[in-house]
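Notes follow the structure.
Numbers here simply count residues along the sequence, with the first being 1. Every value quoted in this text rests on a predicted model; they were computed, and no experiment measured them.
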Amino acid sequence: MALHLGAVCRDRFPDGQFYVDLRDGSAEPGPAPSAVLLRLLRQMGVEAERIPPTEAGREQLYRRLTAGRRAMVVVDHASSVAQVRGLIPATPEVFLLVVVSGPALALEAEPVPVSGLSDRDALEMMRKVAGREKVARATSRMPGVLAHCAGNAFAVRATAMRLLTEDAEDAELDLLDPAPGASGSDPVRAAAEAGCRRVRPETARLCRLTALGGWPSVTALIAAAAAGVAEDEAARMLAEAADAQLVEPLPDERYRFRPEVRRHLAGTAGPEHGIPECSAAVARTLDLLLNRALHAAHAALPQSWRTEPAPARGEPYRDEAEGVAALAAEAGNLVRAVFVAREYEHTGTALRLGRALWPLQLKAGHWDDVLPALRLAARCADEHQPASRIAGALHFQLAHCLGELGRWDEADREAGAAARAEREAGHLRGEASSVELQGLLNLNRWLYEAALERFVAADAIYAAIEPGQEGADDLPRAHALSRRHQGRALRGMGRLDEARGLLEAAVEFFAERGEAYNQARALTDPAETLHDAGDNAEALVRIAAAERLLTPAAIPHLGYLAALRLRCEVAR
């Protein structure tokens, strides 16, 4: 109805209509307000590098972009007031329409209850989908069919699709409950059950077992794991399920369940197939997602000790770009998998999945997406494996994510928790890295002296690692990164000559090692130092060199370089 309103009133909104669907949120109770703003700004055409990291910054940008414009904003499947309160327009020219299933939100808005379709409208919809001739053949049974659908548009359309593809009498019998229109009947669930009767038993089983995870989207590989069948067979079953309205096709050979259909399928999985088989289906799916995530994370960061080695089984990804792309494509399901693993008490899987998200936040800037999973994984680590390396690693990732989102106080606390866990676990490399992160958080807040003190402290911890100890092989690289960060802090303190020497040494180190990503990051620092010193021509040379080293997947840093390039060009 909201989309139809936008279509018929298009002339009233010449500055655009923007639609955000929150149904595919990976964590309950749906995306956070900052993530909703992120999705909306993307819909409005804002480039990734121009979107502020903080919720307040995003709301300000949204208001600037909508000020004085005549536009329509639709937020579908909203589940809380917080998700949409920041979108309430300040001017009457912007029309905000929030679509809620279930109880209305306590929002300062005009409530518009949407009743079911009348029998007349439902019949007209059936004729448009199935054709007048098909509907006419079922005239004698149509009152019962309409009562069965109870005005629900999905049930009406599912009924029409069955009339279109089957014999009318068979379709009617399939669609009607033993007691059509009985009190408490749910037309969507009834349509889902009818769909299960239409497909082969093995297809219905695949749908029920796949629905158990609540995955934002489903591929043939995921469905195959859930059902324990071959991938090509799962692909055929999903196509069959789509014809029966049990799943909806998406781009890139993916599918999704309508929320109420998924709940029905998941609710009937236990009675139909037994708890052991349902638990095994979830375990197989989690195992698949973890395997693919570990392969992708290793491909994305092959030299990083923060990612696990690639598993012995499963197909590896070719390179960094393919690994990051695979993680990004499956981000919603991976975040959801952390919650499912926790729910089904697969604690180790939840923790390892959380660690595998590191390249997504480091290289692809998916901070809003991974934040709920990192919060849960860090809490899970504290409950089950406190003072452990994995607890330190997850608190480190959470601190990094919070820092990127500008939540400095929370980030400081998590970085401190990471350092304590690593210290108690006797992991010097992890402790030094966490102390280094504390320095970076200070650096990003322009607290240069405090940052330098943390970087020097981290360097001292690295120096305590003796030859032959774990992490000793990484010391040259760790010291190079430490020198780079110290140079950045010195630059902020105005000690440019000292800064330049340290920064150039870091560039040379990563160039010799062939680490393109870190070389590009290191090149950015002398470029900024040259810009500060007024040598913008040479700064632009360094910026161009850094850009050539980065792949398109390095979205955050490419955006940073673009902004730095603009500053240098304006200053010339």
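- In this structure, OG on S217 lies 12.5 Å from CD on E253, to the nearest 0.5 angstrom.
- Counting only residues at least two apart or on different chains, the salt bridge (Lys or Arg N to Asp or Glu O under 4.0 Å) pairs with a member in residues 339-348 are R342-E383.
- Within the structure, the salt bridge (Lys or Arg N to Asp or Glu O under 4.0 Å) test picks out no pair touching residues 293-307 (sequence neighbours left out).
- Taking CH2 of W305 as the reference point, atom CD of E470 lies at 9.0 Å (rounded to 0.5 Å).
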Working for side chain to side chain contact (heavy atoms under 4.5 Å, CB included), residues V218 and R254
CA-CA 5 Å; V218 172; R254 288 180 176 267; over 6 Å; no
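- With sequence neighbours excluded, no residue forms a side chain to side chain donor-acceptor pair (under 3.5 Å) with R64.
- Scanning both residues, A234 and A220, for their nearest heavy atoms gives CB-O, 3.4 Å.
- Interatomic distance, CZ of R352 versus CG of L290, reported as 5.0 Å (0.5 Å rounding).
- With sequence neighbours excluded, the residues forming a side chain to side chain donor-acceptor pair (under 3.5 Å) with E528 are Y560, listed by chain and number.
- A donor-acceptor contact shorter than 3.5 Å is absent between the side chain of R495 and the backbone of A489.
- The side-chain hydrogen bond (donor to acceptor under 3.5 Å, both in side chains) test with D459 singles out one residue from R483, H479, H485, and that residue is H479.
- At a cut-off of 3.5 Å, with distance as the only test, no side-chain donor of Q361 or E404 sits close to an acceptor on the other residue.
- Although no hydrogens or angles enter the test, the distance criterion places no donor-acceptor pair under 3.5 Å between the side chain of D532 and the main chain of L496.
- Proximity of a side-chain donor or acceptor of D535 to a complementary backbone N or O of H531 within less than 3.5 Å is not detected.
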Test side-chain hydrogen bond (donor to acceptor under 3.5 Å, both in side chains) on Y517 and R521; report intermediate values, then the result.
CA-CA 6 Å; Y517 179 76; R521 294 293 298 267; 3.0 Å; yes
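- Checked by atom type and distance alone, the side chain of E59 never pairs as donor or acceptor with a backbone atom of A56 at under 3.5 Å.
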Take R407 and D412, measure what salt bridge (charged side-chain N to carboxylate O under 4.0 Å, His left out) needs, and give me the verdict at the end.
CA-CA 9 Å; R407 303 181 185 182; D412 275 335; over 6 Å; no
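- Once rounded to the nearest 0.5 Å, the distance linking CG of L475 with OG of S482 reads 11.0 Å.
- Taking the charged nitrogens against the carboxylate oxygens, D368 and R58 do have a contact shorter than 4.0 Å, which makes a salt bridge.
- Other residues, nucleotides and ligands contribute over 12 non-hydrogen atoms within 6.0 Å of the CD atom of E498.
- Taking the six-membered ring where the residue is Trp, the centroids of F257 and W215 are separated by 6.0 Å or more.
- With sequence neighbours left out, D15 forms a side chain to side chain donor-acceptor pair (under 3.5 Å) with no residue at all.
- Surrounding CZ of R567 are more than 12 heavy atoms belonging to other residues, nucleotides or ligands, all under 6.0 Å away.
- Between the side chain of Y255 and the backbone N or O of T219, no donor-acceptor pair lies under 3.5 Å.
- Side-chain atoms of Y448 and R491 form no donor-acceptor pair, as typed in the model, at a separation below 3.5 Å.
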Pair L405, S34 - check side chain to side chain contact (heavy atoms under 4.5 Å, CB included), show working.
CA-CA 10 Å; L405 293 171; S34 61; 5.8 Å; no
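- With sequence neighbours left out, the side chain to side chain donor-acceptor pair (under 3.5 Å) criterion links D474 to R429.
- The environment of D287 atom CG is dense: over 12 non-hydrogen atoms of other residues, nucleotides or ligands sit within 6.0 angstrom.
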Working note: L452 + L490, criterion side chain to side chain contact (heavy atoms under 4.5 Å, CB included); need CA distance, chi angles, decisive distance, verdict.
CA-CA 7 Å; L452 182 61; L490 289 167; 4.1 Å; yes
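- In summary, the side chains of E308 and H298 do not present any donor paired with an acceptor at a separation below 3.5 Å, with no hydrogens or angles considered.
- Between the side chain of S304 and the backbone N or O of L301 there is no donor-acceptor pair closer than 3.5 Å.
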Working note: F509 + Q519, criterion side chain to side chain contact (heavy atoms under 4.5 Å, CB included); need CA distance, chi angles, decisive distance, verdict.
CA-CA 8 Å; F509 174 85; Q519 185 185 351; over 6 Å; no
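- Expressed to the nearest 0.5 Å, how far CH2 of W408 lies from CG of L447 amounts to 9.5 Å.
- For the atom pair CD of E330 and CG of L221, the computed distance is 8.5 Å after rounding to the nearest 0.5 Å.
- Ion pair K363/E320 flagged as a salt bridge, since at least one NZ, NE, NH1 or NH2 atom sits closer than 4.0 Å to an Asp/Glu carboxylate oxygen.
- Remark: side-chain polar atoms of R389 are not paired, donor with acceptor, to backbone N or O of E422 under 3.5 angstrom.
- Looking only at distances, no side-chain donor or acceptor of H346 sits under 3.5 Å from a matching main-chain atom of V282.
- The backbone N or O of G430 sits less than 3.5 Å from a side-chain atom of S434, completing a donor-acceptor pair.
- Nearest heavy-atom pair across A364 and V324 is CB-CG1, 4.0 Å.
- Taking a cutoff of 4.0 Å between a charged side-chain nitrogen and a carboxylate oxygen, E410 and R375 qualify as a salt bridge.
- Judged by distance alone, with hydrogens and angles left aside, the side-chain atoms of R63 form a donor-acceptor pair with the main-chain N or O of G86 at under 3.5 Å.
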